[in-house]
Asks: 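Here it is, the structure, as structure tokens.
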Amino acid sequence: MKKIVIALVLMLFTAMFIATGLSEAQPKPIVMKLAETHPQDYPTTKGDYEFARLVKERSNGRIIIEVFHSKQLGEERAVIEQVQLGAIDMTRVSISAVSSFVRELDAFQLPYLYRDANHMWKVLNGPIGADIFKKHEAVNFVGVGWFEGGSRNFYTKKQVKTVSDLKGMKIRVQQAPLMVGMVEALGAVATPLPYGEVYSALQTGVVDGAENNWPSYLTTSHYEVAKYFITDEHTRVPEITVGSKRVFDKLSKEDRALILKAAQDAVPYQIKLWNDFEKVAEKTVREKGSVITEVTPAEKQNFMDAMKPLYDKQPAEILAVVKKIRDVK
Ligand code: GTR
């Protein structure tokens, strides 16, 4: 009996020894955390998962991207600060949120800038997009990839039919100086707030309205507390994935290239999901009782005219990029 026990113990030790040897032979995977504000089934989150899938597949499981959706790692601004420090590896956010850190991004989010989504994608995928990614490095970020974010519209507790109806209204904006300026140009009172605080701010009347795309208007349930939506389409704000330069600098050149290419290759899938969900979101909020004011071309022109002074306030460097963007045909 004693001999059997000794033999078993010896076998156990041998097995443990072999297992340790094996795990030493196989290097631990590189695990990267990616923070996302939206829920698990939102088009940007699904785009994050596709990006992660491509990275895992192409690196044969050596690089794992873990997606933390639904603000599990915090609100966008706080998360971006953590990415800058290297405590979080990557985040998918709106460029508005990053624009307080990379001011040159203002050139990409001015109202009525792009002719349409195709124009925006040509800009982002071309040299102007590559250039702004490079600018991120000066403040310890890496521009990883772009995603589609549609266009943004105002929605309010009281019906807005014309741009002048917005005068004096308290409107929630993202925590970005340009967005504050944009709403102020309309004679409204800009209230910058984190995304997660907007529902209760609308509900309690801290703000009279907000602005966003159809998918966000639905998934945040803002339509429950601000049922008037006007299709003014004032901005087209790209979504971006930013990485931490501190983290990316530790990767090999090959791994870095693999990650950036995977981010790019996840885009067509995300755009398709976006376009489909945008329609579903619009239909759903209409069914739930939102009152949609379609702007006439003449009224849209009034919105454009009201926001023009914002361009005049931009520094020359921003206006130079705006010109380049407009020249992209
Ligand atoms: C959404 C965007 C989010 C967040 C949000 C906001 O459209 O996808 O990343 O920036 O807007 O308004 O805060």
Side-chain angles (χ1 to χ4, degrees), residues 34-49 51 67-83 88 90-102 105-106 108-109 111 117 120 124 141 144-156 170-180 182-183 190-202 206-207 209-223 225-226 229 231-242 267 270-271 273-275 277-278 280-282 285:
L34 187 155
E36 166 65 70
T37 198
H38 290 299
Q40 197 163 15
D41 54 356
Y42 193 88
T44 55
T45 319
K46 286 188 176 165
D48 302 334
Y49 281 119
F51 166 43
V67 178
F68 290 83
H69 56 81
S70 312
K71 303 184 180 56
Q72 288 170 69
L73 302 184
E75 293 279 3
E76 291 193 339
R77 201 193 166 89
V79 164
I80 294 167
E81 280 166 4
Q82 295 293 307
V83 169
I88 296 175
M90 275 184 267
T91 183
R92 194 296 313 158
V93 285
S94 160
I95 67 160
S96 299
V98 192
S99 65
S100 336
F101 301 81
V102 183
L105 276 170
D106 281 354
F108 294 75
Q109 59 171 354
M120 181 188 85
L124 301 179
F141 294 120
V144 177
W146 306 104
F147 274 156
E148 178 60 58
S151 51
R152 297 175 77 100
N153 306 272
F154 288 104
Y155 48 86
T156 44
K170 280 177 280 164
I171 302 292
R172 178 270 172 172
V173 289
Q174 290 160 294
Q175 291 160 294
L178 190 97
M179 293 304 158
V180 170
M182 179 184 77
V183 159
T191 311
L193 283 177
Y195 194 41
E197 288 176 25
V198 186
Y199 185 95
S200 69
L202 284 165
V206 167
V207 294
E211 48 86 55
N212 222 313
N213 47 46
W214 292 103
S216 288
Y217 180 53
L218 171 68
T219 56
T220 52
S221 301
H222 291 174
Y223 67 89
V225 280
F229 187 104
T231 61
D232 62 281
E233 300 185 325
H234 51 271
T235 48
R236 194 171 272 290
V237 178
E239 310 281 10
I240 191 171
T241 300
V242 286
V267 172
Q270 191 271 340
I271 294 182
L273 291 181
W274 181 270
N275 291 338
F277 190 58
E278 205 172 40
V280 171
E282 174 174 354
V285 295

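As a basis for the values below, the full set of heavy atoms in this structure was taken, side chains included, without hydrogen atoms, waters or symmetry mates. Each ligand, and each atom within it, is numbered from 1 in the order the structure gives.
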Asks: Name the residues in contact with ligand 1, where contact means a heavy atom under 4.0 Å away: which are they?
Replies: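 If the criterion is a heavy atom under 4.0 Å, then ligand 1 touches Thr37, His38, Glu76, Arg92, Ser94, Arg152, Arg172, Gln174, Tyr195, Asn212, Asn213, Ser216, Glu239.
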Asks: Which residue is it: Ser99, Ser100, Ser94? I am looking for the one with a side chain to side chain donor-acceptor pair (under 3.5 Å) to Gln174.
Replies: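 Among the candidates, only Ser94 passes.
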Asks: Against Leu34, only a single residue in Val79, Asp48, Thr91 fulfils side chain to side chain contact (heavy atoms under 4.5 Å, CB included); can you say which?
Replies: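 Result for side chain to side chain contact (heavy atoms under 4.5 Å, CB included) with Leu34: Asp48.
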Asks: Just by distance, do the side chain of Thr235 and the backbone of Gln109 share a donor-acceptor pair under 3.5 Å?
Replies: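 The answer is no, because no donor-acceptor pair under 3.5 Å joins these two groups.
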Asks: In a check of side chain to side chain contact (heavy atoms under 4.5 Å, CB included) between Leu273 and each of Glu148, Glu278, Lys46, which one passes?
Replies: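 For Leu273, the side chain to side chain contact (heavy atoms under 4.5 Å, CB included) test succeeds with only one of Glu148, Glu278, Lys46, which is Lys46.
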Asks: Looking at His234, Glu211, Glu233, which hits side chain to side chain donor-acceptor pair (under 3.5 Å) with Arg152?
Replies: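 Passing option: Glu211.
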Asks: What residue pairs, at least two apart or across chains, pass salt bridge (charged side-chain N to carboxylate O under 4.0 Å, His left out) with a residue in residues 74-83?
Replies: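 The answer is Glu76-Arg92, Arg77-Glu81.
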